[in-house]
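Structure first, commentary second.
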There are 4 protein chains.
Amino acid sequence: MAIVLSDNQYGKAETRVVRICRDTERHEIRDLNVSTALRGDFAAAHLTGDQANVLPTDSQKNTCFAYARERGVGQIEDYALALASHFVTDIAPVTRARVDVDEYRWDRVAVSGAGHAHTFVRAGHEIRTASVTTDADGAVEKSWVISGVRDLVVLKSTGSQFTGFLTDRYTTLAEAADRVLATSLTARWRSAVTDVAWGDAFGQVRQILLERFAVVESRALQQTLWEMGSAVLAAREDIAEIRLSAPNKHHFLADLSPFGLDNPGEVFHADDRPYGLIQCAVGREGAPDPGPAWDAPASFA
Amino acid sequence: MAIVLSDNQYGKAETRVVRICRDTERHEIRDLNVSTALRGDFAAAHLTGDQANVLPTDSQKNTCFAYARERGVGQIEDYALALASHFVTDIAPVTRARVDVDEYRWDRVAVSGAGHAHTFVRAGHEIRTASVTTDADGAVEKSWVISGVRDLVVLKSTGSQFTGFLTDRYTTLAEAADRVLATSLTARWRSAVTDVAWGDAFGQVRQILLERFAVVESRALQQTLWEMGSAVLAAREDIAEIRLSAPNKHHFLADLSPFGLDNPGEVFHADDRPYGLIQCAVGREGAPDPGPAWDAPASFA
Amino acid sequence: MAIVLSDNQYGKAETRVVRICRDTERHEIRDLNVSTALRGDFAAAHLTGDQANVLPTDSQKNTCFAYARERGVGQIEDYALALASHFVTDIAPVTRARVDVDEYRWDRVAVSGAGHAHTFVRAGHEIRTASVTTDADGAVEKSWVISGVRDLVVLKSTGSQFTGFLTDRYTTLAEAADRVLATSLTARWRSAVTDVAWGDAFGQVRQILLERFAVVESRALQQTLWEMGSAVLAAREDIAEIRLSAPNKHHFLADLSPFGLDNPGEVFHADDRPYGLIQCAVGREGAPDPGPAWDAPASFA
Amino acid sequence: MAIVLSDNQYGKAETRVVRICRDTERHEIRDLNVSTALRGDFAAAHLTGDQANVLPTDSQKNTCFAYARERGVGQIEDYALALASHFVTDIAPVTRARVDVDEYRWDRVAVSGAGHAHTFVRAGHEIRTASVTTDADGAVEKSWVISGVRDLVVLKSTGSQFTGFLTDRYTTLAEAADRVLATSLTARWRSAVTDVAWGDAFGQVRQILLERFAVVESRALQQTLWEMGSAVLAAREDIAEIRLSAPNKHHFLADLSPFGLDNPGEVFHADDRPYGLIQCAVGREGAPDPGPAWDAPASFA
């Protein structure tokens with residue numbers, strides 16, 4: 001059976017683009033980590049080492065910087081769409097481009113109660129993300145946009161239980177009528193369209209995720225994730241699908257009884273490993289096909 | 001359009017199982033990081049919070065430890081196959097199980113020139129990996145096995161060039177007739193069968209990867225990866241496919257000319273980010289279908 | 001020359017104590033990472049392996065949890081003082097105790113505009129720290145308290161220059177009249193006394209550090225650190241000394257001229273390594289002696 | 001009480017110097033992470049922002065690369081001595097220089113059983129270290145050299161106990177007659193002289209540390225560290241002092257009794273946090289004064 005080159009892609013990962021907007025004395029800052037990946041007619045590069053079709057990853061990096069100057073960053077989804085479209089349009093051998101962007105948020109430093117014009121402090125623990133895939137199939141260009149957030153660390157100190165579960169020979173876990181529920185959420189949602197007010201959408205989705213996590217009386221993390229995801233889809237018809245990945249960051253009640261102390265849900269040990277990992281996708285019947293939207297570079301790793 | 005639960009799975013991630021074999025006074029050590037993920041009839045857990053079908057992740061963790069005692073670890077592929085088979089066989093709602101295992105290698109400490117019976121030192125930078133997926137479709141059970149290695153850091157100080165590449169408006173990179181080529185390789189190969197002498201196979205594949213990296217005069221990392229992957233498939237008919245992911249860890253020649261010094265390929269700055277990321281899969285025509293083998297939990301993240 | 005045991009200490013590092021205050025339905029959360037280190041009469045443990053004087057590190061861990069229940073956490077400085085005093089008072093062989101505490105901050109999740117009673121989201125990038133050293137010299141107990149913050153990431157997009165510096169044969173750096181100045185600040189300040197409203201003090205010092213970073217027109221990071229540190233001492237007479245450690249997180253202006261683009265301080269590459277590292281201490285003449293306050297476990301590492 | 005500048009230093013941290021020796025077709029590789037820190041007459045830089053005495057950290061970085069070309073790397077202690085001497089000799093305001101070097105080890109890739117001439121694979125988990133401090137006090141130059149190793153991860157599966165310890169109200173730990181003992185050792189030893197065959201010395205010390213860890217029947221980690229440290233000093237009269245820092249990486253016996261299984265020291269859970277942290281120094285009576293040798297930049301952090 002013949003040995004053949006199959007799936008392949010290449011690009012530049014983790015270009016750290018910082019864009020300062022100095023249009024007025026009140027500067028703005030956008031702080032990005034950008035990765036590009038290209039697919040297309042690259043067989044010769046592999047089979048014979050012929051690089052004639054290969055745009056260097058260094059050029060891809062340069063393009064990230066140049067676009068940040070020429071067109072600005074704006075919302076990361078729009079910036080990624082522009083970069084991806086450029087690669088499939090202007091670089092002949094490229095038939096598909098994928099652009100992933102992480103954004104780190106900054107707040108203004110408060111000076112005498114007012115936000116400073118050009119001094120910032122890194123805000124929050126979480127990272128906003130965007131993943132754009134653009135296909136050039138002949139003359140038609142098609143794009144898929146995934147927005148997201150990761151490292152969104154949340155905890156509720158009550159309003160969570162875990163009871164009535166299946167048991168087997170290896171089960172020792174006791175039922176918990178009241179426990180700490182904590183996770184570091186990764187959420188990614190696929191838009192059905194590509195012309196969205198991305199910043200507003202991000203803020204709305206993030207708020208729904210947080211509110212649902214707060215108000216759902218949780219019978220399990222699975223249920224909480226479903227409630228979070230379905231609320232997002234209910235609120236925004238332009239979202240076709242949302243995927244949620246939630247490590248169950250266990251907080252174990254410290255056993256203080258040897259010291260003559262009770263512990264009515266007050267003192268916990270936050271454990272590192274192992275952790276539960278609960279993952280679910282919430283979709284919409286009849287939604288447009290995801291195509292290659294979820295095909296991450298990670299499928300290689 | 002109705003909102004629906006789609007893809008979902010859950011499990012226990014990163015259970016750190018250390019198994020000491022004390023059959024003789026000359027101990028053996030196996031040091032593992034085990035993750036399990038289950039799919040099946042878990043809709044109620046999401047939609048209503050009913051956990052009646054949900055085997056706790058804590059029980060999955062316990063199973064990892066118990067199996068390490070009852071059947072031992074052996075090769076990590078066999079250990080993962082046993083665990084996955086258990087979950088789909090013994091836990092009624094489970095239709096698919098995925099078990100990922102990382103293994104850390106230890107050498108014996110040399111005392112007076114001989115390996116000590118029960119003292120070990122962590123060896124090497126790299127990690128051996130296995131990913132097993134088992135489906136129970138009615139009475140028939142089917143498994144896919146992926147073996148691999150990651151963090152295999154290699155460098156060649158000559159025998160690598162990068163010339164004749166495509167240029168565009170954003171290209172500034174100069175051609176390089178002789179450069180340092182370095183990567184931290186992730187390689188994963190899918191077996192066409194499930195009864196393999198896994199330890200021998202791992203050693204053979206690792207050696208082929210290293211040798212090909214060494215002896216191929218590289219015209220680009222793409223070419224090197226293809227040569228590595230196709231050599232593996234040529235040597236082992238039981239491997240259906242191999243996927244390689246290789247960050248191009250750039251080593252930039254230090255410009256010493258301002259100090260009146262030349263630098264004939266001797267002094268380099270090892271850069272962190274950005275890095276090129278080259279990924280390719282090498283397959284075999286007519287190989288068995290991968291099924292869900294490559295569907296990693298990472299597709300959620 | 002005889003071989004002798006000299007400096008030694010032992011303890012439990014990184015106990016992850018989470019304390020929920022449930023006095024009312026509006027819960028509070030304190031999230032800590034606690035390390036204890038004891039010195040004293042432990043020669044026999046080293047020289048002969050006799051553990052009769054050695055309180056297990058496991059007991060030290062238990063004590064961290066029990067104290068979180070018995071006395072609560074309150075401000076981390078007070079919690080650390082209580083733990084350190086316990087060790088030198090109640091554990092006979094201990095003559096000095098050191099307790100280090102990191103605190104992670106949480107905000108309430110906003111639901112319909114109001115902070116939720118028992119749901120929290122991890123806030124901020126920075127970590128609040130406290131290091132308490134307590135000596136029991138005979139009947140007298142003496143404590144030193146260091147408060148601090150680390151990972152306080154700040155950036156100013158103008159108002160920073162670096163000119164007029166010393167040059168040598170190896171200097172290629174151009175002067176910069178206007179540059180981005182960014183750092184991830186570690187600041188630690190030693191109190192002259194042990195009865196302080198620690199929470200208020202922390203908030204005040206943090207605000208002074210941020211404001212001075214913002215408003216000082218920087219001629220170098222050294223000058224900025226001095227201005228920050230001396231402003232803290234000027235504002236609070238109860239602080240004897242402050243130490244600042246600031247990596248200069250370089251933001252290099254992207255060279256866009258090959259693409260026919262100018263770059264008037266707008267597009268930067270945020271580099272990882274190497275980084276400048278600027279460190280200075282600001283003290284007060286006649287301040288009480290620091291004693292062992294700064295003797296960190298890190299001196300071993 | 002006047003506010004004053006006290007201790008301060010600055011430098012360039014983590015310059016990643018890779019040196020290829022191409023004198024013959026059989027290349028050699030040295031892979032370093034170099035940090036420099038200078039002290040001296042830098043008050044004006046802080047107090048007024050006057051940089052006239054400040055050699056840029058960028059120039060320090062350049063010097064690391066230039067020295068790697070001009071004099072080569074050789075042993076890292078010699079390379080650090082040369083750099084430190086340069087700074088105190090050639091840069092007028094500098095009165096003390098500190099140079100820290102980490103070295104990553106590479107093995108040759110084996111091809112057909114022989115080491116390849118120019119292809120290498122990262123070896124081992126551990127890092128070799130050197131820290132040199134040089135003072136220029138008037139015309140006399142004085143240097144202190146600390147060699148070391150870190151991330152040396154070792155484990156013994158028997159031959160370790162922990163019994164007869166002190167107990168208090170908070171003690172729940174059971175005595176252990178036979179346990180796993182594992183650590184990630186940091187060891188640093190100060191030389192009494194500066195003309196040493198550093199590579200040979202490193203190999204000898206590393207071997208003694210490993211052998212003693214293996215053969216000492218451990219009654220506690222304290223005893224093991226003392227035996228390791230005193231054996232090093234006994235073997236090498238040119239070493240004045242050694243400091244050992246050892247996290248007790250707990251391996252907890254898995255409780256398999258609920259599953260009807262015994263566990264005679266065979267299956268363990270490797271825990272992350274908290275960990276014991278045992279630190280001790282072993283010295284020599286009448287050894288030369290350490291001076292500033294142990295004053296690490298870390299004292300600021």
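Below, chain A is the first sequence line, B the second, and so on; all start at residue 1. The figures here come from the full heavy-atom set of this structure, side chains too, leaving out hydrogens, waters and symmetry mates.
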Indicate yes or no for a side-chain donor-acceptor contact from A:Glu266 to the backbone of C:Ala68 under 3.5 Å, with no hydrogens or angles considered. no

Less than 4.5 Å to any heavy atom of chain A: does that hold for the side chain of [X], its backbone, both, or neither?
{"X": "C:Ala214", "result": "both"}
{"X": "C:Leu155", "result": "both"}
{"X": "C:Ile29", "result": "side chain"}
{"X": "C:Leu181", "result": "neither"}

Counting only non-hydrogen atoms closer than 4.5 Å, does [X] touch chain C with its backbone (N, CA, C, O), its side chain (CB onward), both, or neither?
{"X": "A:Pro258", "result": "neither"}
{"X": "A:His251", "result": "side chain"}
{"X": "A:Val109", "result": "side chain"}
{"X": "A:Leu261", "result": "side chain"}
{"X": "A:Leu256", "result": "side chain"}
{"X": "A:Leu32", "result": "neither"}
{"X": "A:His116", "result": "side chain"}

Would you give the length of the straight line joining atom CH2 of A:Trp106 to atom NE2 of C:His125, rounded to the nearest 0.5 angstrom? 8.5 Å

Most heavy-atom pairs under 4.5 angstrom with chain C, which of [options]?
{"options": "A:Ala110, A:Cys21, A:Ala117, A:Cys64", "result": "A:Ala110"}
{"options": "A:Asp151, A:Thr158, A:Leu210", "result": "A:Thr158"}
{"options": "A:Asn33, A:Val111, A:Val180", "result": "A:Val111"}
{"options": "A:Val215, A:Asp271, A:Ile20", "result": "A:Ile20"}

Under the side chain to side chain contact (heavy atoms under 4.5 Å, CB included) rule, what do A:Arg122 and C:Val154 come out as? Steps first, then yes or no, please. CA-CA 6 Å; A:Arg122 263 289 296 277; C:Val154 287; over 6 Å; no

Just give me the residue among C:Asp31, C:Asp272, C:Val267, C:Asn62 that pairs up with chain A most often, heavy atom to heavy atom, under 4.5 Å. C:Val267

Work out which heavy atom in [X] is nearest to a heavy atom in [Y]; give both atom names and the distance.
{"X": "C:Thr119", "Y": "A:Phe213", "result": "CG2-CD2, 3.6 Å"}
{"X": "C:Ala270", "Y": "A:Val18", "result": "CB-CG2, 3.9 Å"}
{"X": "C:Phe268", "Y": "A:Phe65", "result": "O-CE2, 3.4 Å"}

Salt-bridge contact A:Asp262-C:Arg69 (side-chain N to carboxylate O under 4.0 Å): yes

What do the steps show when you test C:Ser157 against A:His118 for side chain to side chain donor-acceptor pair (under 3.5 Å), and what is the final call? CA-CA 5 Å; C:Ser157 52; A:His118 59 255; 5.5 Å; no

For C:Val121 and A:Val153: C-alpha separation, side-chain torsions, deciding distance, then whether side chain to side chain contact (heavy atoms under 4.5 Å, CB included) applies. CA-CA 6 Å; C:Val121 57; A:Val153 179; 6.0 Å; no

